[in-house]
Amino acid sequence: MHTPNETTKVLVIPKCINRLEVVNIKYGELSKSLAVTEEHIYELRELGPVSEFDNKGWPQLPGGEALRSIILEPIPNKSMGAVLSDPNFIALAKFDMVFPFITWVTSDPNFNLSRAHTSEDITEGFLSSIEYTQPLQLLELYVLDCIDRTCESVEEHGEQFFKASQTKMHHLIAEKIFRMRDVLLENPSYILINKVKGNFLDTHVEVPKIVFEQQVLKFCTDFVFGTYLDETIREEHDKHMGQEYSELQSFLKSQEERQQSATIAELNLSSIHVKAKPESADRQKNNMNPVKATKKRSSKIAVGKGALDHFFKKK
């Protein structure tokens with residue numbers, strides 16, 4: 001029987017899940033831990049005490065540990081109850097297997113985009129690329145779904161073949177990005193909106209609507225590619241979808257120029273202040289040492305020749 005302790009991980013899962021299998025995959029530069037069920041695939045994400053997207057972080061102890069606990073009730077004849085003071089929470093977030101599939105299709109030199117393949121060859125090649133070692137049946141249906149969403153089918157001699165479609169793949173990625181963009185634009189109170197606004201150099205200047213919408217779109221594109229896809233296909237995706245941010249780039253450039261002008265003006269004022277300081281210091285020094293008054297030399301007057309001497313003459 002397992003006894004809960006400080007290393008115990010607590011999975012927070014939807015009520016509808018009765019059974020799941022945890023698998024690890026690696027594609028491109030990304031590694032994911034996934035929980036596979038009969039209906040969905042979920043990504044396992046550890047919840048820390050503080051997130052950059054939280055309005056207010058969880059309370060913490062003086063040593064930095066999270067102030068949280070969880071009570072596990074006992075199950076009769078199966079497990080003991082426990083109180084975990086600092087449990088490792090693992091949340092399940094829905095994951096689309098099409099992201100690693102697109103990464104493999106567009107980056108694997110052994111997979112020829114220009115020719116058709118059987119679904120068995122594609123499935124085997126993809127599962128090998130993500131270092132998947134579990135039974136094939138566990139992910140086979142999800143891989144077939146990825147093939148259907150990203151490939152064109154061709155039938156030859158009664159057998160069906162599949163050829164990767166650049167158009168279908170990039171439209172699928174764009175659909176994910178646009179859906180996230182629409183959610184953010186419709187919910188301006190979301191904390192992610194503050195992340196978007198933080199990309200502007202001056203947050204006090206009113207941002208035109210088209211500029212803000214392009215910034216939101218760029219943020220969502222960065223998020224999707226940075227979280228789920230390989231950056232090597234980012235440039236190709238923007239070119240294929242005709243994505244451009246001309247108004248946004250022009251607005252950011254004007255903000256940068258204003259900021260540079262303000263910096264230059266501040267430096268000029270500082271240099272003027274530095275030059276004026278020695279002159280004022282010399283002036284202050286001169287004021288502290290006033291010029292001494294010179295004594296006026298008086299001429300001697302002979303005895304008996306003064307102006308009042310005639311009043312005192314003897315008669």
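Follow the hydrophobic side-chain contacts under 4.5 Å out from Leu144 and you reach Val105 in the same cluster. Both Met180 and Val216 belong to a common hydrophobic cluster when Ile, Leu, Val, Met, Phe, Trp and Tyr are linked at side-chain heavy-atom distances under 4.5 angstrom. A single hydrophobic cluster is seen to contain both Leu192 and Val224, as judged by linkage of ILVMFWY side chains at heavy-atom distances under 4.5 Å, directly or through other members. Both Ile193 and Tyr245 belong to a common hydrophobic cluster when Ile, Leu, Val, Met, Phe, Trp and Tyr are linked at side-chain heavy-atom distances under 4.5 angstrom. Met169 is not connected to Val154 by any chain of hydrophobic side-chain contacts under 4.5 Å among Ile, Leu, Val, Met, Phe, Trp and Tyr, and they are in different clusters.
In this structure, Ser250 contributes its side chain and Glu247 its backbone to no donor-acceptor pair below 3.5 Å. Looking only at distances, no side-chain donor or acceptor of Tyr27 sits under 3.5 Å from a matching main-chain atom of Leu229. In terms of modelled atom types and a separation under 3.5 Å, the side chain of Thr123 and the main chain of Glu120 share no donor-acceptor contact. Under the 3.5 Å distance criterion, the side-chain polar atoms of Gln214 are matched with a main-chain donor or acceptor of Leu248.
The distance from the OG atom of Ser119 to the CG atom of Asp148 is 11.0 Å, given to the nearest 0.5 Å. We find the NZ-CD1 distance between Lys168 and Ile102 to be 11.0 Å, quoted to the nearest 0.5 Å. Note that CG of Leu138 and CD of Glu140 are 10.5 Å apart. Values are rounded to the nearest 0.5 Å. Interatomic distance, CD of Glu39 versus CG of Leu141, reported as 12.0 Å (0.5 Å rounding). Distance check: Lys94 NZ to Ile41 CD1 gives 12.0 Å after rounding to the nearest 0.5 Å. The NE2 atom of His171 lies 8.5 Å from the OG atom of Ser165; values are rounded to the nearest 0.5 Å.
Within 6.0 Å of CD in Glu124 there are 12 or fewer heavy atoms belonging to other residues, nucleotides or ligands. Atom OH of Tyr190 has 12 or fewer neighbouring heavy atoms from other residues, nucleotides or ligands inside a 6.0 Å radius. The local environment of NZ in Lys32 is crowded, with over 12 non-hydrogen atoms from other residues, nucleotides or ligands closer than 6.0 Å. For CD of Glu29, the number of neighbouring non-hydrogen atoms (other residues, nucleotides, ligands) closer than 6.0 Å is 12 at most.
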Step by step, work out the side chain to side chain contact (heavy atoms under 4.5 Å, CB included) result for Phe225 and His237.
CA-CA 10 Å; Phe225 275 92; His237 172 75; 3.7 Å; yes

With side chain to side chain contact (heavy atoms under 4.5 Å, CB included) as the criterion, how do Ile13 and Tyr42 come out once you've worked through the C-alpha distance, each side chain's angles and the decisive distance to 0.1 Å?
CA-CA 10 Å; Ile13 62 177; Tyr42 298 88; over 6 Å; no

Side chain to side chain contact (heavy atoms under 4.5 Å, CB included), that's the test. Do Ile130 and Trp104 meet it? Break it down for me.
CA-CA 8 Å; Ile130 61 175; Trp104 170 68; 5.9 Å; no

Check the pair Phe162, Thr150 against side chain to side chain contact (heavy atoms under 4.5 Å, CB included), reporting the backbone distance first and the verdict last.
CA-CA 9 Å; Phe162 298 90; Thr150 60; over 6 Å; no

Worked verdict on Arg149 versus Asp96 for salt bridge (Lys or Arg N to Asp or Glu O under 4.0 Å)
CA-CA 12 Å; Arg149 295 160 66 191; Asp96 196 339; 2.8 Å; yes

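Taking all atoms of both residues into account, the shortest heavy-atom contact from Phe212 to Val207 is N-CG1, 3.8 Å. Heavy-atom minimum distance, Leu139 versus Met97: CD2-CE, 4.0 Å. Between His240 and Thr167, the shortest heavy-atom distance links the atoms NE2-CA, 3.5 Å. Scanning both residues, Ala164 and Cys151, for their nearest heavy atoms gives CA-SG, 3.8 Å. Contact between Gln160 and Ser153 at its shortest, heavy atoms only, is NE2-CB, 3.5 Å. Nearest heavy-atom pair, Thr227 versus Leu30, reported as atom, atom and distance to 0.1 Å: O-CD1, 3.6 Å.
For Gln166 and His170, the side-chain atoms include at least one donor-acceptor pair closer than 3.5 Å.
Aromatic ring orientation, Phe95 versus Tyr228: tilted (interplanar angle from 30° to 60°).
Under the 4.5 Å side-chain criterion, counting only non-hydrogen atoms from C-beta, Gln215 is not in contact with Phe251. Within the 4.5 Å cutoff, the side chain of Phe178 has no heavy atoms near those of the Cys220 side chain.
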